[in-house]
Amino acid sequence: MAEVKINVDDCIGCGICVKKSPEGYEINDEMKAVVKNPNAPGIKEGADDCPTNAIEVIGDVAPAPAAAPAPTAAPSTKPGLAEYKGVMVFAEQRGGELVKVVIELLGRGRGLADELGVPLSATLMGQGVEGLAPQLIAAGADTVYIIQDPRLEKYNTSCYANAMIKLINSIKPEIVLYGATHIGRDLAPRIAKRLGTGLTADCTELTIEEGTNMLLQTRPAFGGNIMATIMCPDHRPQMSTVRPGIMKAIQPDASKQGEIVNFDAGLTDADVMTRIIEIIKERKQVANLEDAKVIVSGGRGVGGTDGFKTIQALADVLNAEIGGSRVAVEKGWISKDHQVGQTGKSVRPQLYIACGISGSIQHRAGMQNSDFIIAINKDPTAQIFTVADLGIVGDLFEIIPVLIEEFKAADFGQ
Amino acid sequence: MDIIVCVKQVPDTTDVKIDPKTGTLIREGVPSIVNPDDKHAIEEALRLKEKFGGKVTVLSMGPPQAGDALREASAMGADDMVLLCDRAFAGADTWATSHTLGEAAKKIGYDLIICGREAIDGDTAQIGPQMAEHLELPQITYVRKVESADGGKIVCERALEDGYERVEANLPALLTVISDVNKPRYPSVRGIVEAYQEKEITTWTAADINADSACIGLDGSPTSVKKSFAPEPKGEGEILEGSTSEVCKQLVTKLMDKNVVR
Ligand SMILES: Cc1cc2nc3c(=O)[nH]c(=O)nc-3n(C[C@H](O)[C@H](O)[C@H](O)COP(=O)(O)OP(=O)(O)OC[C@H]3O[C@@H](n4cnc5c(N)ncnc54)[C@H](O)[C@@H]3O)c2cc1C
Ligand SMILES: Cc1cc2nc3c(=O)[nH]c(=O)nc-3n(C[C@H](O)[C@H](O)[C@H](O)COP(=O)(O)OP(=O)(O)OC[C@H]3O[C@@H](n4cnc5c(N)ncnc54)[C@H](O)[C@@H]3O)c2cc1C
């Protein structure tokens with residue numbers, strides 16, 4: 001016999017437990033979960049998956065239902081879904097240049113399409129942008145759909161959404177991916193709403209579920225404190241925005257052949273809902289952390305602008321970009337465009353060196369996918385060591401100068 | 001100018017700690033707060049009301065305790081409070097949430113709707129754009145400054161990764177704001193007394209907004225959370241031991257051996 005306790009203060013009424021165990025849990029009039037039957041199948045799974053850990057199960061429980069929770073068990077039987085085939089990437093461009101995340105999306109999209117045995121397409125919108133198509137093909141696309149219209153020259157929500165919706169309704173892709181940029185996160189929700197389908201925000205992992213061939217979309221929530229895997233079982237297309245800097249691009253292949261298709265979205269002035277008066281580029285010298293091979297980052301332990309000279313010296317010998325924790329940015333030791341983390345940039349360089357950074361969950365969220373991580377911190381219990389491949393415990397001001405000499409002596413990175 | 005501000009009550013995720021042994025959340029005593037971006041949304045609405053007159057209504061979907069968030073907004077100066085509470089609303093993804101909030105907005109009436117850009121728990125930033133779509137309104141997201149709002153038009157600065165753009169839309173419209181837009185005021189003593197002792201929260205159920213049961217709550221949600229889990233810590237790294245010069249030598253040798261930088 002099991003006893004199940006729900007902490008009502010923590011319950012956010014998300015209903016995940018009800019989905020896991022419809023006989024075990026229900027939502028009451030106060031929009032909180034309550035236990036219907038503590039011995040129902042799936043009661044433990046419902047508790048385990050509670051995003052706020054509000055449910056506690058004490059004692060023996062019934063095993064999960066044999067056929068697993070219904071919505072994700074079998075390929076949906078809803079009519080019409082099988083018509084949707086292929087993976088599509090929204091090829092965001094600004095001022096005639098592709099945004100970097102597009103190439104990353106094509107890299108991951110290629111993997112998904114191959115696994116499903118379907119084609120990968122890219123959708124390019126703008127005016128005079130056909131010259132970008134070969135790049136998209138080299139990055140993995142089999143087909144490039146081009147929608148050109150003067151109204152698409154600068155991004156505006158309604159025209160882009162209307163054009164994309166026309167294309168999706170005509171091509172019927174099963175998966176559509178967007179970069180989680182200020183444009184992607186403005187556009188994709190609007191499209192999902194009108195198409196009556198789901199959208200998973202800011203994904204960091206995309207895989208195909210064996211057996212059902214459905215897209216498993218994993219994303220951080222609660223400020224990076226939990227991860228959630230989300231599906232869209234009964235509606236198509238399955239859509240995600242994907243965090244920049246996470247997915248791996250494939251090596252561009254200039255010899256790859258692809259098809260270019262011009263698509264007429266039939267836009268008129270009635271499609272225009274907002275007008276861009278002007279676009280202002282603000283930072284003269286933007287730190288290019290996303291493209292850096294090596295990043296040397298400093299946090300509170302660096303102590304000040306003077307301390308950052310030590311970080312700069314190490315960065316110089318390694319040809320590296322400089323990064324920082326939010327504390328370093330808030331103190332004004334480096335500018336905001338250097339911030340790594342949940343509210344800064346997500347980076348995945350070949351080498352990331354964290355100096356005097358404790359490794360808060362928000363900082364780790366932006367750098368833990370780096371290929372190789374080195375941490376220098378005087379506190380051996382610092383969280384940063386849990387993601388580091390190599391760690392040095394000690395004072396960074398003592399270690400870095402010696403390290404610089406060693407790198408120079410070894411001709412490292414030259 | 002009648003303005004609706006959407007306000008969500010959220011657990012203060014900045015206070016959330018992970019138990020290093022079990023990898024689960026420690027949430028004892030985590031306070032519920034007004035979603036940070038929403039405070040900026042309320043402030044912006046109050047400033048517009050001060051300029052153009054009209055009424056500010058704060059709207060939230062959530063359990064009865066979400067009324068606290070509405071009262072906090074009202075103490076800052078919002079006129080009316082509407083809470084959408086019904087078991088049928090629970091378990092909504094952003095599609096269903098935006099349907100519910102949108103239907104309520106129709107009933108309230110508005111010239112402008114302001115949302116926060118993102119809630120710190122769900123973190124999707126999808127409610128604003130999806131509500132705008134539901135109501136067929138122009139949207140301006142990531143607003144960092146409202147330049148003007150007269151003559152039936154609104155002009156805003158919308159933040160981009162590498163700068164900003166100035167965007168104009170006809171009213172009615174929907175904005176989502178980021179924290180750069182303003183500094184939220186503190187509630188006044190008079191405001192607190194009114195909000196907590198004099199004013200009433202209007203509570204609506206699904207029937208009150210004539211919501212179609214297929215479009216709200218779990219049933220109206222195309223997405224479904226398959227599982228949730230604590231982020232995985234990476235496998236054990238190696239802590240180098242020895243004198244400063246020894247560890248530095250070791251480190252460089254290991255990087256070369258592993259061909260880390262190519
Ligand atoms: C919603 C939200 C979003 C956030 N987003 C981000 C984000 O994007 N990026 C981010 O970084 N943070 C973010 N934060 C902040 C985050 O929670 C931490 O506060 C921050 O990362 C801590 O920065 P730090 O590691 O530099 O400082 P601390 O945590 O204070 O750590 C300093 C470290 O330096 C070490 N140290 C001190 N002196 C020396 C020395 N001489 N030599 C070697 N080591 C030394 C100390 O042992 C300590 O481990 C966010 C927080 C919230 C709530
Ligand atoms: C772990 C987890 C992951 C999730 N992932 C997804 C996902 O990827 N896709 C998806 O469709 N749903 C997802 N959801 C469901 C989603 O959190 C809910 O639909 C929620 O009601 C609204 O989304 P949000 O918190 O992300 O709001 P956001 O879109 O981030 O909020 C933006 C603004 O909208 C307004 N707002 C939002 N909610 C309310 C409200 N209840 N009342 C009043 N105003 C409000 C506020 O002004 C807020 O600042 C997830 C839920 C959980 C628990």
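Sequence lines set the chain letters: A, B, ... in the order given, protein chains first and strands last, and positions in each chain run from 1.
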Pick from [options] with the largest number of heavy-atom pairs that fall under 4.5 Å of chain A:
options	answer
Leu137(B), Thr205(B), Ile127(B), Thr176(B)	Leu137(B)
Gly62(B), Ala92(B), Cys215(B), Gly217(B)	Gly62(B)
Gly220(B), Ala90(B), Gly242(B)	Ala90(B)

- prompt: Side chains of Tyr155(A) and Arg94(A): do they bring a donor and an acceptor to under 3.5 Å?
  reply: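 Looking only at side-chain atoms, Arg94(A) and Tyr155(A) do not form any donor-acceptor pair under 3.5 Å.
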
- request: Scan side-chain atoms only and decide if Asn156(A) and Arg275(A) contain a donor-acceptor pair under the 3.5 Å cut-off.
  value: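 There is no such pair between these side chains.
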
Contact part of [X] toward chain B, heavy-atom cut-off under 4.5 Å: side chain, backbone, both or neither?
X	value
Ile27(A)	both
Glu26(A)	side chain
Ile400(A)	neither
Ser360(A)	neither
Ser158(A)	neither
Val272(A)	neither
Ile183(A)	both
Val402(A)	both

field: Distance (rounded to the nearest 0.5 Å) between Phe372(A) CZ and Leu390(A) CG
entry: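 Phe372(A) CZ to Leu390(A) CG: 4.0 Å, rounded to 0.5 Å.
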
Residue pair Lys154(A), Glu165(B): steps toward the salt bridge (charged side-chain N to carboxylate O under 4.0 Å, His left out) verdict: CA-CA 10 Å; Lys154(A) 289 180 191 136; Glu165(B) 56 193 12; over 6 Å; no

task: Answer yes or no: is there an ion pair linking Asp162(B) with Lys281(A), defined by an N-O contact shorter than 4.0 Å?
output: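 Yes, this pair counts.
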
task: Decide, yes or no, whether a salt bridge links Arg243(A) with Asp202(A) under the criterion of side-chain N to carboxylate O below 4.0 Å.
output: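 Between Asp202(A) and Arg243(A) there is a salt bridge, with a charged N closer than 4.0 Å to a carboxylate O.
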
field: Inter-chain contacts: residues 148-158 of chain B against chain A, heavy atoms under 4.5 Å
entry: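 Within residues 148-158 of chain B, the residues under 4.5 Å from chain A are Lys153(B), Val155(B), Arg158(B).
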
message: Is the ring pair His99(B)/His134(B) parallel, tilted or perpendicular, if the boundaries are 30 and 60 degrees?
response: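 Plane angle over 60°, so perpendicular.
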
task: Would you mind listing every side-chain hydrogen bond (donor to acceptor under 3.5 Å, both in side chains) that reaches into residues 211-221 of chain B, with sequence neighbours excluded?
output: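 Matches after skipping sequence neighbours: Asp93(B)-Ser221(B).
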
task: Give a yes or no answer on whether the side chain of Gln139(B) reaches the backbone of Asp186(A) with a donor-acceptor pair at less than 3.5 Å.
output: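 Yes, Gln139(B) side chain to Asp186(A) backbone: donor-acceptor pair under 3.5 Å.
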
field: Test item: Asp49(A) side-chain N/O and Cys17(A) main-chain N/O as donor-acceptor pair under 3.5 Å
entry: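 Answer holds: no.
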
message: Using a 4.5 angstrom heavy-atom cutoff, name the option from Ala161(A), Pro189(A), Ala221(A) with the most pairs to chain B.
response: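 With the most close heavy-atom pairs to chain B, the winner is Pro189(A).
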
- prompt: Looking at side-chain heavy atoms only, is the closest gap between Cys232(A) and Leu215(A) below 4.5 Å?
  reply: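 No, their side chains stay 4.5 Å or more apart.
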
field: Part of Tyr142(B) lying under 4.5 Å from any heavy atom of chain A
entry: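 The side chain, not the backbone.
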
